[in-house]
Novice: 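Below is one structure. I have some questions about it.
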Amino acid sequence: MVPLSWYLVLSAALFAIGVAGVLLRRNLIVVFMAIELMLNAVNLSFVAFARQLGAEDGQVIVFFVMAVAAAEAGVGLAIFIQLFRARETLQADQVSTLRW
Amino acid sequence: MSPLVFVVLAALTLGAAVAVVLNRNPVYSALALVSTLALLSCFFVGLEAYLVWALQLVVYAGAIVVLFLFVIMLLNVQREESVLPAPGVVAGVGVGAGLLALGVAHAVTRAPAVAMPAVAEGYGSPAHLARRLFTDYLVPFEITSVLLLVAIVGAVVLGKRRI
Amino acid sequence: MVITVPWLRWIVLFPALGVLLHLLAGRRWPRLVPWAGPGVVGLAFAVAVAAVVRLAGAGDEAALVDPIYRWIQVGALDVQAALRVDWLSAIMVLVVTGIGFLIHVYAVGYMHDDPDRTRFFVYLNLFVTAMLVLVLADNLLVLFVGWEGVGLCSYLLIGFWYRETANADAGKKAFLVNRIGDAGFLLGLFVLVKTLGTLEIAAIERQAATLAEATLGGWPVPLVVALLLFVGATGKSAQIPLYVWLPDAMAGPTPVSALIHAATMVTAGVYMIARLHAVYALAPAALGVVAFIGAATALLAALIALAQTDIKRVLAYSTVSQLGYMFLGLGVGVPGAAVFHLVTHAFFKGLLFLGAGSVIHGMGGEQDMRKMGGLRSHMPVTFATMLVATLAIAGVPPLSGFFSKDEILWGAFAGPHAQPVAGVIGYVVAALTAFYMGRLFILTFLGTCRADEHTRHHIHESPAVMTVPLVVLAVLSALGGFLPIPALAERVVGEHHGPHAPLGVLALAVALAVGGLAVAWRFYGTGGDLAERVARAAGPLYALVRDKFRIDELYAAVVVRPLYALADLGARVIDPAVIDGAADGAAALVRRAGERLRRMQSGNVQHYAALLLVGALGLLGYVLTR
Amino acid sequence: MSASVANVLGGWPAMLPSLVVVGVALLAMTVDLVWRDPDADGAAATGVVGLGAAIVVILSLWGSQPVHGLAGTLVLDRFALFVALLVCVAAVLSICLSIEYVREQLIAAGDYYVLVLLATSGMILMGAAGDLVVVFLALEVMSVAVYVLAGMLRGDVRSNEAALKYFLLGAFASGFLLYGIALVYGATGSTRLDALAEAVAKGPAPMLLGGVALLLVGFGFKVALVPFHAWTPDVYEGAPTSVTAFMAVGVKAAGFAALVRVAAAAFEPVTFWQPLLWTLAVATMTVGNACALVQTSVKRMLAYSSIAHAGYALIGLVAGTAEGVGALLFYLVVYTFMNVGAFGVLLALGRSGERNEDLGDLAGVGLRHPVLGVVMTVCMLSLAGMPLTAGFTGKFYLFSAALDAGCVWLAVIAVLNSLVSVAYYLGVLIPMYMREGTRELVPPRARPWLLGTIVLAAVMTLVLGIDPAGTMRLAASAAASLR
Amino acid sequence: MLLSLTVLTPLIGALLLAALPREPVAGVRRAAFVFSLVPLACSLAMLGAFAPGTADFQLVERAEWIPAFGIAYHLGVDGVSLFLVVLTTVLTAIVVLAGFGDVHRHVKEYYVLFLVLETGMLGALLALDVFLFYVFWEVMLVPMYLLIGIWGGARRVYATVKFVLFTMAGSLLMLVAAVYLGWKVKVATGSWGFGYDAILALGLSPREQLWLFGAFALAFAIKVPVFPLHTWLPDAHTEAPTGGSVILAGVLLKMGTYGFLRFAFPFFPDATVVTAPLFLTLAVVGIVYGALVAVRQADMKRLVAYSSVSHLGFVMLGLFALDHTAGAGAVYQMLNHGVSTGGLFLLVGMLYERRHTRLLAEFGGLWAAVPGYAVALLVVLLASAGLPGLNGFVGEFLILAGSFQRWPWAAAAATSGIILGALYLLVMYQRVAFGPLEREENRRLADLDRREIAVIVPVIALCIAMGLFPTPFLSRIEPSVERMLARVERAGTPAAVAHLGSPP
């Protein structure tokens with residue numbers, strides 16, 4: 001059996017990769033994917049904790065996270081579409097009219 | 001789940017995750033994301049969270065990532081000129097993300113590493129989950145409905161061309 | 001014995017009412033002014049005479065007091081605005097109102113054509129008011145009110161013809177130099193308040209014993225007070241080092257010069273020291289300073305007077321010189337003699353100025369003696385009265401100046417605080433005085449007229465309203481020496497019965513006076529060019545004397561310019577650069593920090609996310625390492 | 001361990017305020033559908049009336065006993081009611097502020113009001129949450145709605161950019177928040193706040209501390225604490241002004257409410273957290289003020305100033321006392337009114353299709369339109385913390401709490417910051433009063449709702465400045481109900 | 001009731017005025033004048049109701065305001081504030097009248113702000129609750145900010161921002177100190193409190209005293225202003241409209257000195273004693289420095305502004321001499337400065353109305369053109385220069401004589417200020433009134449009209465009356481000053497000073 005901490009470390013690593021993706025990629029859709037990675041990393045932690053505790057709360061929370069992810073995806077992608085319509089780009093560094 | 005399987009799966013998962021980040025083409029990134037989600041679902045099986053496993057595949061990998069792909073296709077997004085910014089920036093982000101991982105890992109592994117206890121009969125079953133969902137998590141469940149309502153209204157408002 | 005006399009205040013109030021009257025009605029009824037101006041002073045004189053009569057009937061030691069009201073009271077300090085007439089102030093009040101009245105009358109004629117005559121009489125009445133407050137004050141603070149008040153009037157009157165910037169400058173200089181003295185005077189008052197808690201003159205005299213013992217920072221208080229008050233006196237009475245304003249003050253109308261800068265105001269310092277003889281008696285060292293300053297001033301001013309060509313300037317330096325005599329008298333412990341000289345000087349110097357004014361009036365404003373001459377025939381009354389005055393100041397017996405000067409000079413050798421060296425200086429000055437006065441008289445009245453044709457044509461004797469005061473003053477100058485002034489003053493300032501001057505000394509004095517006049521005659525009366533030759537022979541020395549030893553220039557370099565440089569430093573550097581620089585710098589610093597922080601807000605969403613990550617790392621780091 | 005549905009529902013009144021608001025939102029949506037009015041005044045009216053009803057409900061519940069209902073996921077104590085009241089008032093004000101603006105800017109009106117109402121329900125839930133999952137979900141309800149609101153000026157690239165930035169960073173920060181919840185869950189076995197408090201009382205565990213730290217990242221983002229603040233200026237500037245006002249007053253208040261809830265459970269011992277919060281507070285107010293000082297756009301300046309004010313409000317948490325929380329709550333109230341007034345004046349300056357948010361656009365307005373001038377003056381003075389305005393009493397309350405907790409230097413730094421802020425707040429009055437301007441404005445009378453709202457906000461700002469005692473008592477009792 | 005009436009009637013007047021229509025302007029002006037007379041009448045009634053010979057606060061009013069913090073609406077008057085209140089109401093009425101001539105834009109707003117300002121000033125003078133005092137203290141700031149900023153000269157924005165920031169820099173720290181005091185009351189009694197007596201009853205450690213005194217003193221010192229914190233003043237004065245300058249010089253600056261005497265001294269006696277040498281030095285430097293810099297000013301208002309720095313230096317000297325003769329003199333000098341410098345600003349303003357310049361170089365020989373004006377200017381200048389017989393002298397003399405008791409060197413150095421004071425004032429007078437009347441514009445100047453005479457005659461009358469009859473004033477001022485200084489005098493014992501050196 002693999003101890004809890006292995007899952008947690010994996011989760012942390014995944015989360016970090018997601019964070020790195022958010023910071024590095026220029027394409028906003030990919031950035032958003034990286035955020036999904038972060039959420040999934042957290043989900044892994046939840047499920048692992050739930051298993052460790054022997055209680056299903058963690059799994060229930062994962063449902064909610066999925067709902068949130070879906071909601072965010074719906075709204076977020078709509079925002080991207082709007083952005084693309086207005087600017088013909090999805091490059092993060094080209095969206096900086098508002099600054100200083 | 002045996003340690004060997006875990007390590008292999010973990011390596012694959014991390015590899016897929018890195019592929020999401022590093023792939024030049026957003027479509028490939030999306031595919032890598034699907035892979036990551038699928039690989040993750042394997043861990044859910046290992047953790048005896050079968051319903052979550054199912055939902056992960058159906059809802060997440062199925063619905064959400066498809067939505068991503070759909071948008072990518074719709075917008076016909078070009079591949080980026082260069083995947084990554086300047087090496088210094090990459091190194092900085094790498095260090096930052098690494099520190100984050102190390103920090104969290106440090107926090108979570110300070111507890112004594114005990115083996116996972118056995119779980120009760122029916123752990124992770126839909127019945128159990130449903131019971132929790134509609135008792136202890138009734139309020140969050142209801143809030144979720146509001147959230148989805150918001151998302152629908154929002155997506156419609158933002159997406160439609162004319163009011 | 002102190003007698004309360006509630007009508008003393010009218011001595012002061014009449015001139016004050018005159019001021020009000022002129023201010024309120026002067027413009028509407030200008031014909032009132034020539035009557036009201038001298039009239040109120042005459043009324044004051046009448047009240048003063050009444051007061052003196054009352055005083056005379058009350059015994060030698062008596063004093064009349066009019067406690068008008070409590071002026072200031074804070075804590076232990078209680079200042080009554082009270083007036084006091086004793087024999088010392090009685091003498092002064094008679095001089096002020098009496099000569100003041102004569103000069104007012106004279107001024108009616110002198111200022112007859114001036115469009116600002118009303119304003120002139122406002123100032124003049126105001127001056128008399130202030131001067132009377134000064135001499136009648138029962139309290140040093142009240143005295144100081146008069147003291148500054150006369151300074152103000154002096155300022156206004158010197159600058160009376162304000163359209164000439166030079167006149168206004170002279171007024172300003174007078175006020176400022178006086179203020180320097182006044183600051184010293186005030187400090188003296190502070191020391192008295194600190195030591196005795198009172199400024200009432202009688203109380204100070206009563207507490208002389210306390211005063212004698214007190215010290216301030218290791219210095220005996222009487223010495224400190226005496227010297228500080230003397231600083232005030234040097235300002236008001238134009239002594240070294242603060243005499244420089246008086247010659248410039250001649251910019252004012254001539255009646256002003258006579259009244260303020262000869263007869264009354266400038267003697268305030270002498271009066272003040274006589275008034276406070278009790279304090280000065282406790283500080284012999286201070287008296288020594290007074291004596292030597294007096295002697296030195298007398299000498300310096302007399303030397304300068306030798307080479308001046310402006311008739312009023314000669315008289316001005318002469319005044320400074322004569323004031324020096326008075327201080328010499330005070331310094332050697334014969335205040336009675338000093339007061340005596342004060343009075344006689346008021347007579348003959350007032351007369352000299354009025355006479356000079358008459359001359360200037362007659363010459364159409366000309367003041368340069370080199371353009372006068374031979375006026376004897378044109379202005380006989382002026383000539384005669386001026387002759388009396390010149391002889392009086394030169395010390396020719398039996399005119400008044402002889403007696404008063406002699407008492408002082410002999411006091412220098414035989415007085416309680418004798419200063420023989422100062423006495424010798426005094427004698428030298430006596431000879432110089434005779435010389436420059438002779439020179440003035442000769443250049444003005446004798447010889448041939450050097451004025452241009454136009455002026456010569458218009459030379460005329462002054463009207464009666466001007467000559468009558470001249471005559472009255474001439475009589476006083478001639479006979480004033482027989483007034484019992486020293487005896488009266490000594491009822492207040494303490495008796496001094498030294499032996500009278502031996503006959504030989506008197507003879508020496510007379511010889512010096514006559515000799516001085518004779519040399520003047522030799523230089524200027526005989527028509528030769530001896531004067532020019534001597535001047536040429538003296539060369540730079542003559543130039544130095546003619547340029548008044550360049551004291552004004554010295555002060556400008558040592559005091560005025562550094563002060564202005566300091567002011568400029570503040571106005572141009574410290575305020576705008578240093579202080580505002582610091583304030584603006586702090587503001588700029590915040591602003592720059594804001595600009596820098598604002599640049600972090602690049603607009604790139606990933607930078608913001610990175611910042612968030614950094615924050616998260618920071619928080620994690622904090623909680624995990626604590 | 002698991003309760004029956006009936007048991008759970010026993011505590012249903014705890015949901016009442018949020019239920020009412022959700023119901024109002026649904027009603028508004030229906031009204032909008034039925035009454036096909038492009039200006040959707042029906043939806044707005046429904047919203048205002050409905051929120052009024054919600055306020056009545058909230059007030060009627062004020063005297064009742066605290067309810068820990070619904071398996072402890074929701075708490076109906078005075079704190080929750082206070083927050084609910086505050087966000088409802090903020091929502092009413094925001095709606096009234098928006099009516100003419102929405103009409104002029106051709107915004108999808110019905111949806112606009114529905115989203116405002118739904119976001120409000122999320123805010124109410126944030127204040128009433130007894131469980132981290134509820135906090136998270138409520139926060140998402142609010143956030144997602146506000147992401148959309150920020151992007152509602154569909155033709156305006158800046159509005160879109162604002163929505164994008166807010167969304168991306170919001171989702172990013174949500175990830176941290178969620179991770180924090182996961183760690184707390186792992187450490188305590190529950191996501192209930194009372195369980196968290198119990199675990200904290202047992203002593204520090206690294207996982208727990210790490211979790212709380214990550215929670216703080218999430219809340220810090222919502223209330224715009226430095227260094228999680230970077231989105232604020234851009235989003236505030238780009239979003240439609242009425243939405244910016246709503247964000248400034250509603251989102252911030254709800255964020256603080258949730259933060260306070262969590263802090264009440266998790267920030268023990270005070271001495272451990274105080275230095276951290278102290279640093280955050282100082283950094284936040286300093287950065288906010290320094291940046292605000294150099295802005296030329298009033299709207300962006302107000303954005304930075306909202307960062308600074310978050311720093312001030314955080315002082316209440318630094319103090320770590322009930323008094324401090326009371327001060328924070330009071331400050332949120334104060335902040336609501338003065339900000340509504342300020343943003344309202346910006347709205348009043350605007351004409352359709354123009355951005356009139358630079359200092360220069362204010363030239364001469366103060367004397368030509370005295371009402372706008374007076375309102376702006378009152379609001380700026382209040383933001384600057386001048387006496388007789390609410391901003392002063394609010395700061396005074398905070399400083400008193402800080403001193404009571406021994407944080408003298410924090411108070412000193414805060415007043416030095418106030419000094420900087422005086423420069424730019426009063427700087428707004430310079431163009432308004434001291435320069436001549438000729439730009440024609442829509443007469444304020446032409447926008448009665450807007451005018452009424454800003455006047456009300458200004459009046460309330462003055463009332464809370466002159467007679468704050470009653471509201472202070474409310475805030476204090478709300479704070480006291482937390483423990 | 002009387003005090004509340006005094007404080008609040010201007011505010012009510014302001015609100016009524018705000019409700020009036022803008023036009024006709026003459027009506028607005030008249031209404032404003034009437035509104036300014038009401039508080040004047042109230043303050044005179046207060047003067048009548050004031051019982052001399054006692055040091056206590058009189059006509060005290062108290063009502064709870066914010067009970068949770070023990071904050072009360074607490075007013076009272078004593079000898080220190082009595083005449084400052086009357087000065088405020090008198091000057092406001094005069095300034096309102098003076099504004100008839102020089103305010104032509106936004107007349108209504110101008111007067112509304114003035115009346116609000118008056119409430120702030122009166123409230124600050126009468127408040128006996130530190131919180132209330134702070135409120136009124138800040139309330140003064142805003143109207144003045146706008147008055148300078150809207151009706152000021154060319155550099156008005158710079159000047160007014162500088163004014164506000166300087167002032168706020170001090171007052172915000174005072175706020176922290178005040179809250180700290182309230183908290184100390186809580187520590188001592190169990191509930192917050194900002195009442196005057198409650199704070200007096202605190203036993204503050206010497207170290208606390210120093211810090212708190214520092215905070216209060218900074219606020220007050222900036223307001224006074226004490227060298228080197230004075231640079232806001234010349235700018236503010238120069239740019240402000242006439243009325244603003246008059247009130248600024250006449251009343252606002254006094255708030256600083258008043259604050260020292262009313263709050264800083266009795267609250268923190270030990271700290272006062274310890275810092276007195278520092279403040280005395282600054283006061284003397286201010287006297288000399290202000291006077292020197294004034295000499296070099298080309299702008300009349302700037303000159304008068306620097307003269308204020310010098311004059312307020314005298315007041316500070318009198319206060320920090322910690323001697324009640326000097327203290328009474330200082331309070332008296334506050335009044336004098338208010339009257340005479342206020343008068344100077346009025347006169348400069350009248351000239352500015354006519355010529356739209358204040359540069360000395362533009363004038364000269366005005367005596368010939370406007371003799372009435374020249375006389376008025378002379379009298380007020382002389383009062384300002386401290387000529388005996390006029391008001392300034394009494395104050396200066398008491399200050400110097402009193403401070404000489406304990407600080408002879410400071411007093412001696414300050415005495416030089418009276419020389420320099422004469423210097424700059426005479427320079428100014430000479431350049432304005434004397435010399436040839438060369439400029440054509442100056443030749444055509446009109447002399448004072450009736451309204452202007454009505455404005456300036458009260459000032460001159462006060463100058464003379466206060467110079468000749470100071471006793472009615474001093475007898476009311478002195479007991480209260482003594483009371484304010486009593487604690488300091490007790491603290492001044494060597495034992496207390498030694499105690500201060502030790503750690504808390």
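Below, chain A is the first sequence line, B the second, and so on; all start at residue 1.
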Novice: Check whether any side-chain heavy atom of Leu40(B) lies under 4.5 Å from a side-chain heavy atom of Asn43(A), and answer yes or no.
Specialist: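 A side-chain contact under 4.5 Å is absent here.
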
Novice: Work out which heavy atom in Ala101(B) is nearest to a heavy atom in Ala16(A); give both atom names and the distance.
Specialist: CB-CB, 3.6 Å

Novice: Hey, does the side chain of Arg51(A) reach the backbone of Ala49(B) with a donor-acceptor pair shorter than 3.5 angstrom?
Specialist: no

Novice: Which answer fits Ser2(B), side chain, backbone, both or neither, if we ask what part of it has an atom under 4.5 Å from a heavy atom of chain A?
Specialist: backbone

Novice: Testing the 3.5 Å rule here: is there a donor-acceptor pair between the side chains of Asn40(A) and Gln56(B)?
Specialist: yes

Novice: Check each atom of Val7(B) against the heavy atoms of chain A and say whether the ones under 4.5 Å are side chain, backbone, both or neither.
Specialist: side chain

Novice: I'd like to verify something: which residue of Gly18(A), Ala50(A), Ala34(A), Ser11(A) has the highest number of heavy-atom pairs under 4.5 Å with chain B?
Specialist: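 Top option by heavy-atom pairs under 4.5 Å: Ala50(A).
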
Novice: Counting the benzene-type ring for Trp, do Phe32(A) and Phe68(B) have ring centres under 6.0 Å apart?
Specialist: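 Yes: the rings meet the under 6.0 Å criterion.
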
Novice: Does any heavy atom of chain A fall under 4.5 Å from the side chain of Leu99(B), the backbone, both, or neither of them?
Specialist: neither

Novice: Side chain, backbone, both or neither: which part of Leu67(B) has a non-hydrogen atom closer than 4.5 Å to chain A?
Specialist: both

Novice: Between Phe70(B) and chain A, with a heavy-atom cut-off of 4.5 Å, which part of the residue counts as in contact: side chain, backbone, both or neither?
Specialist: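 Interface part for Phe70(B): neither.
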
Novice: State, without any angle test, whether Asp57(A) and Tyr137(B) hold a side-chain donor-acceptor pair at a distance under 3.5 Å.
Specialist: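 Distance-only check passes for Asp57(A) and Tyr137(B).
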
Novice: If you compare all heavy atoms of Leu75(B) against all heavy atoms of Phe80(A), which two are closest, and at what distance to 0.1 Å?
Specialist: CD1-O, 4.3 Å

Novice: If we define contacts as heavy-atom pairs under 4.5 Å, which of Val104(B), Thr13(B), Val93(B), Leu100(B) has the most with chain A?
Specialist: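 Option with the greatest count: Val93(B).
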
Novice: Select, from Gly92(B), Ala10(B), Gly103(B), the one with the greatest count of heavy-atom pairs under 4.5 Å involving chain A.
Specialist: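 Answer, by heavy-atom pair count under 4.5 Å with chain A: Ala10(B).
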
Novice: Please state whether the side chain, the backbone, both or neither of Val22(A) comes within less than 4.5 Å of a heavy atom of chain B.
Specialist: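 Contact with chain B: none, neither part.
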
Novice: Between Ser29(B), Ala105(B), Gly154(B), who has the most heavy-atom pairs with chain A when the cutoff is under 4.5 Å?
Specialist: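 So the answer, after comparing Ser29(B), Ala105(B), Gly154(B), is Ser29(B).
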
Novice: In terms of heavy-atom proximity below 4.5 Å to chain B, should Glu72(A) be classed as side chain, backbone, both, or neither?
Specialist: neither

Novice: So what's closer than 4.5 Å to chain B heavy atoms on Asp93(A): side chain, backbone, both or neither?
Specialist: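 It is neither, since no heavy atom gets under 4.5 Å.
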
Novice: Mind checking the OG1-CD spacing from Thr36(B) to Glu36(A)? Nearest 0.5 Å is all I need.
Specialist: 11.5 Å

Novice: Select one option (side chain, backbone, both, neither) describing which atoms of Leu14(B) are under 4.5 Å from chain A's heavy atoms.
Specialist: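 Backbone plus side chain of Leu14(B), per the 4.5 Å heavy-atom cut-off to chain A.
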
Novice: Do Leu55(B) and Phe63(A) have side-chain heavy atoms sitting under 4.5 Å apart?
Specialist: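 They are in contact (side-chain heavy atoms under 4.5 Å apart), so the answer is yes.
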
Novice: Quick one, Phe6(B) with Tyr7(A), criterion ring pair (Phe, Tyr, Trp, His ring centres under 6.0 Å). Give me CA distance, side-chain angles, the key distance, then yes/no.
Specialist: CA-CA 9 Å; Phe6(B) 181 90; Tyr7(A) 289 100; 5.0 Å; yes

Novice: What residue, out of Leu8(A), Val31(A), Val47(A), Leu23(A), has the most heavy-atom pairs lying under 4.5 Å from chain B?
Specialist: Val47(A)

Novice: Looking only at heavy atoms and a cut-off of under 4.5 Å, which of Val19(A), Val60(A), Leu53(A), Val9(A) has the most pairs with chain B?
Specialist: Val60(A)

Novice: Examine the side chains of Gln59(A) and Tyr123(B) and answer whether a donor and an acceptor come within less than 3.5 Å of each other.
Specialist: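 Distance-only check passes for Gln59(A) and Tyr123(B).
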
Novice: Whether the side chain of Glu56(A) engages the backbone of Leu129(B) through a donor-acceptor N/O pair (distance < 3.5 Å, no angle test) should be reported.
Specialist: no

Novice: Once you round to the nearest 0.5 Å, how far does CG of Asn23(B) lie from CE of Met33(A)?
Specialist: 9.5 Å

Novice: Between atom CZ of Phe64(A) and atom OG1 of Thr144(B), what is the distance when rounded to the nearest 0.5 Å?
Specialist: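 Result: 4.5 Å between the selected atoms.
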
Novice: Once you round to the nearest 0.5 Å, how far does CG of Leu158(B) lie from CG of Leu83(A)?
Specialist: 11.5 Å

Novice: With a 4.5 angstrom heavy-atom cut-off, which part of Val75(A) approaches chain B: side chain, backbone, both or neither?
Specialist: both

Novice: So what's closer than 4.5 Å to chain A heavy atoms on Ala30(B): side chain, backbone, both or neither?
Specialist: both

Novice: Roughly how far apart are Arg24(B) CZ and Asn27(A) CG, rounded to 0.5 Å?
Specialist: 12.5 Å

Novice: Would you mind telling me which of Gly58(A), Ala69(A), Ala67(A) has the largest number of heavy-atom pairs within less than 4.5 Å of chain B?
Specialist: Ala69(A)

Novice: As an exercise, state the distance from CG of Leu33(B) to CD1 of Ile29(A), rounded to the nearest 0.5 Å.
Specialist: 12.0 Å

Novice: With side chain to side chain contact (heavy atoms under 4.5 Å, CB included) as the criterion, how do Tyr28(B) and Val30(A) come out once you've worked through the C-alpha distance, each side chain's angles and the decisive distance to 0.1 Å?
Specialist: CA-CA 10 Å; Tyr28(B) 294 163; Val30(A) 183; over 6 Å; no

Novice: What is the minimum heavy-atom distance between Ala17(B) and Leu37(A), and which atoms define it?
Specialist: O-CD1, 3.8 Å

